[in-house]
Amino acid sequence: MVAALENLRLLPAGAGADPHSRSCPKDLSAAVLEYLAQSEAALLEMRLEEVFNVAEQQNLPGTKREHPNWNRKLPLTLEEMRRHPEPAQLAARLNRYRMRADFGGGG
């Protein structure tokens with residue numbers, strides 16, 4: 001996948017993932033989302049955890065005692081999220097593909 005993303009020039013050379021790391025580098029995550037944005041799918045869904053590079057998975061199987069899934073909070077407040085440039089930068093990167101005429105974007 002990393003080689004394919006590099007070949008499509010969606011990922012800077014050498015920006016691949018460490019196979020021993022539990023987190024996904026921002027460059028790799030954004031490249032995968034950009035790759036998906038080029039598909040013919042009418043919808044592209046991403047979670048705030050992906051936008052802000054939160055490594056811990058939000059929803060895990062199990063009971064409330066094992067994994068308090070819906071009690072976890074994002075590490076940023078809404079106001080802090082508004083001040084971050086990442087959401088707008090990622091949206092602009094993905095909109096290059098999603099705003100095609102066949103999706104009503106006129107571009």
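- In this view, Glu86 and Lys26 satisfy the salt bridge (charged side-chain N to carboxylate O under 4.0 Å, His left out) rule, not counting sequence neighbours.
- For Phe52, the ring pair (Phe, Tyr, Trp, His ring centres under 6.0 Å) partners are His84, not counting sequence neighbours.
- Taking the side chain to side chain donor-acceptor pair (under 3.5 Å) definition, one finds that Glu79 meets it with Arg82, sequence neighbours left out.
- Remark: Glu34 pairs with Arg93, Arg96 by the salt bridge (charged side-chain N to carboxylate O under 4.0 Å, His left out) rule, at least two apart or across chains.
- The heavy-atom pair separating Glu45 from Glu50 by the smallest distance is O-OE1, 4.5 Å.
- Atom CG in Leu94 sits 10.0 Å away from atom CD in Gln38 (nearest 0.5 Å).
- Legend: residues meeting side-chain contact (heavy atoms from CB on, under 4.5 Å) with Val51, ordered by chain and number and at least two apart, are Met46, Pro87, Leu90.
- Atoms CG and CG, from Asp27 and Leu10 in turn, are 11.5 Å apart once rounded to the nearest 0.5 Å.
- Qualifying salt bridge (charged side-chain N to carboxylate O under 4.0 Å, His left out) partners for Arg83, counting only residues two or more places apart in sequence or in other chains: none.
- Residues Leu74 and Met81 approach most closely at CD1-CE, 3.5 Å, considering heavy atoms.
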